[in-house]
Amino acid sequence: MPPDPALSADLSLDALTTPVAWSDAAGALTGCNLAFSRWFGVGARRLLGWPLAGLDAGDGRLALAVARAGGDEAPLRMRRMRLRYGDGEERFADLWLSRRDDGGWLLEAHPVDEFPGDDPALLLPSALSASLKGLAHELRNPLAGLKGAAQLLARRVDDADSRELVELIDSEVGRLAGLVDRLLTPAPPRPHAPLNIHAVLERVLRLAEADAGWAVRLVRDYDPSLPEFAGDADRLMQAVWNLARNAIEAGANHVHLRTRVEHGARIGDSAHPIALRLEIIDDGRGVPEELAEQLFLPLVSGRAEGSGLGLALAQQVAREHRGSLTYRSRPGHTVFTLLLPMHIEDGAAAPMQESA
C-alpha cells in the first residue's frame, strides 16, 4: 500500500531543525516535528488536539490569524510571539503561519531568547521631545551649582579617597551638563575614536561602588584579548551605567560585567566578522512580566520613582554604534546584552590590557 502523501510530508519535517507544528482545518494540532517537541519541552502526543490558537500567550495575534476565514492567504509573519502550552514555561519566537492544502495550518517557529527593543527615536513623540528640552533647560542652573560646590570642596579635602570622590562628582556633573547641552542644541554625533571598553567599565564600576557601597558585589569578567575599537566612550559609559544602576535598583546582590569577542555576529540584517558581546548580569528581581515587551519604550518603568528613560537611552546608544541591546530575564537571573560590531582601526588591534 503506498504511503499517505500527507503523512509522508509530515514525517519529512522531522528532519528539520526548525520547530514546525501543523493543525487540521478546525485549528486543532495534529502533529509536530521533533524539533518543535524538544523546543516546547512537551511530548508530541500531548500536543495532539490542543488548539493552535491556545499556544498564544501574548497579544492574541496568533489566535486572530487562526480565526480568519478563507484558505488562500499568503504566509503570515508574526514577530516576537509569546507561546506557551498549558501552564508551562513561555517560549518566544518569530512565527510563519501558512495554510496547508487540506485547509489546516502550518506553524514554523524561529526561536528567540531575548527581546529586542523598538527604536525610541521612532516612538518618541514631538510633545515628549519638547518636554525633555524644557527639563534640560531647568537642569542647567542646578548642575552649575553642583560643579561650583565640587570645585570648592576639592580645595578642602586632604586624603586621596575624598579627592577621588570629588573628582568623580565633578566628572559626572560635566557629563550630565554635556547631555543637557545636546538635548537643548542637538549636534551631529561625535566622530568615534579608538577606546578600551574595560576602561569604560571601570568608570561604571566606580560609580556603582559609590552608589551601592557594600550592599552589592560587583564582579569583573573581562576578556583581555579584546582589541580597542572605534566608539564613543562617554555614550557607552552612560548606557552601561544605566543598565548597572537598574540592576542595583532591582535588588541585586551580585552584578557581573562580562566581555567576550563574538565572531561572525549577526546584528539585525547585517553580518559582522567580529563584535563585542558585553553582558550585564544580575541576580535581582527580574523584569516584571507585564513590561517585558515594552521595556525599551520611553517612560516605561517597573519602579514608581523611575523615569523610564534609562533603557531607551541605552538602546539609542547601541544603535549609534550599529549594535543592538537585548535582554532575557527571570527572577534571580537577568542579562542585558550589548552586541557591538568592532571596527578596528589600523594600528589599534593589539589586545587590551585589563584595567587595574
Side-chain angles (χ1 to χ4, degrees), residues 121 164 167-183 186-211 218-247 255-268 270-281 310-326 335-356:
E164 183 180 5
E167 289 171 2
L168 181 61
I169 293 170
D170 187 61
S171 172
E172 285 303 289
V173 168
R175 186 174 64 83
L176 290 174
L179 176 60
V180 166
D181 289 340
R182 286 197 295 274
L183 285 173
R190 291 181 297 182
H192 288 182
L195 64 86
N196 182 322
I197 192 60
H198 297 151
V200 172
L201 298 184
E202 287 303 306
R203 290 173 60 191
V204 172
L205 288 169
R206 286 177 64 196
L207 288 172
E209 288 166 353
D211 184 66
L218 303 165
V219 182
R220 299 167 174 85
D221 184 3
Y222 296 165
D223 181 351
S225 71
L226 275 166
E228 290 191 343
F229 66 98
D232 187 327
D234 284 343
R235 294 286 282 168
L236 286 171
M237 182 265 179
Q238 187 173 15
V240 178
W241 168 228
N242 284 342
L243 297 172
R245 183 171 53 191
N246 281 352
V255 177
H256 295 245
L257 298 184
R258 184 176 186 267
T259 61
R260 292 293 186 269
V261 171
E262 185 155 321
H263 296 279
R266 189 160 197 89
I267 303 175
S270 301
H272 301 273
I274 183 172
L276 162 68
R277 187 176 187 89
L278 168 58
E279 295 179 331
I280 297 89
I281 308 167
L311 288 176
L313 187 148
Q315 178 73 298
Q316 179 60 31
V317 172
R319 293 180 185 277
E320 290 170 5
H321 289 76
R322 298 176 59 197
S324 66
L325 174 63
T326 56
V335 183
F336 278 87
T337 302
L338 268 171
L339 193 60
L340 306 177
M342 300 177 72
H343 304 289
I344 302 167
E345 304 291 340
D346 291 340
M352 291 182 180
Q353 299 298 317
E354 292 194 37
S355 302

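Nothing fancy with the numbering, it's 1 onward along the sequence.
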Using side chain to side chain contact (heavy atoms under 4.5 Å, CB included), reason through E228 and L195 one step at a time and then give a plain yes or no.
CA-CA 5 Å; E228 290 191 343; L195 64 86; over 6 Å; no
Worked check of side chain to side chain contact (heavy atoms under 4.5 Å, CB included) between H256 and I280
CA-CA 6 Å; H256 295 245; I280 297 89; over 6 Å; no
Determine whether H321 and L236 satisfy the following criterion, side chain to side chain contact (heavy atoms under 4.5 Å, CB included), listing intermediate values before the conclusion.
CA-CA 9 Å; H321 289 76; L236 286 171; 3.7 Å; yes
Run the side chain to side chain contact (heavy atoms under 4.5 Å, CB included) test on V219 and V255 for me, step by step, so that the C-alpha distance in whole Å, both residues' side-chain angles and the decisive distance to 0.1 Å come before the verdict.
CA-CA 6 Å; V219 182; V255 177; over 6 Å; no
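Listed by chain and residue number, D221 satisfy the salt bridge (charged side-chain N to carboxylate O under 4.0 Å, His left out) test with R260 (two or more places apart in sequence, or in another chain). For S324, the side-chain hydrogen bond (donor to acceptor under 3.5 Å, both in side chains) test picks out no residue, with sequence neighbours left out. In this structure, the side-chain contact (heavy atoms from CB on, under 4.5 Å) partners of V261, at least two apart in sequence or on a different chain, are D223, S225, L226, H263, I274. Remark: R203 pairs with D234 by the salt bridge (charged side-chain N to carboxylate O under 4.0 Å, His left out) rule, at least two apart or across chains. For the side-chain hydrogen bond (donor to acceptor under 3.5 Å, both in side chains) test, no residue two or more places apart in sequence or in another chain qualifies with R266. Checked against side-chain hydrogen bond (donor to acceptor under 3.5 Å, both in side chains), E209 has no partners two or more places apart in sequence or in another chain.
G323 and P341 get closest at one heavy-atom pair: CA-CD, 3.8 Å.
No option in L340, L201, T337, L339 other than L201 meets the side-chain contact (heavy atoms from CB on, under 4.5 Å) test with L278.
Between L311 and N242 there is no side-chain heavy-atom pair separated by less than 4.5 Å. Contact annotation: the side chain of M237 approaches that of V200 to within less than 4.5 Å [non-hydrogen atoms, C-beta and beyond]. Side-chain contact check for R322 versus H272: some heavy-atom pair is nearer than 4.5 Å. Residues E164 and R206 form a side-chain contact, since some pair of their non-hydrogen atoms from C-beta on lies under 4.5 Å apart.
Atom-to-atom distance recorded for T259:OG1 and I197:CD1 is 8.0 Å, nearest 0.5 angstrom. Separation of atoms NE2 (H198) and CG (L205) is listed at 11.0 Å; rounding is to 0.5 Å. Atom-to-atom distance recorded for L243:CG and L325:CG is 5.5 Å, nearest 0.5 angstrom. For the atom pair E202 CD and L207 CG, the distance stands at 11.5 Å (nearest 0.5 Å). Interatomic distance, CG of L313 versus CH2 of W241, reported as 14.0 Å (0.5 Å rounding).
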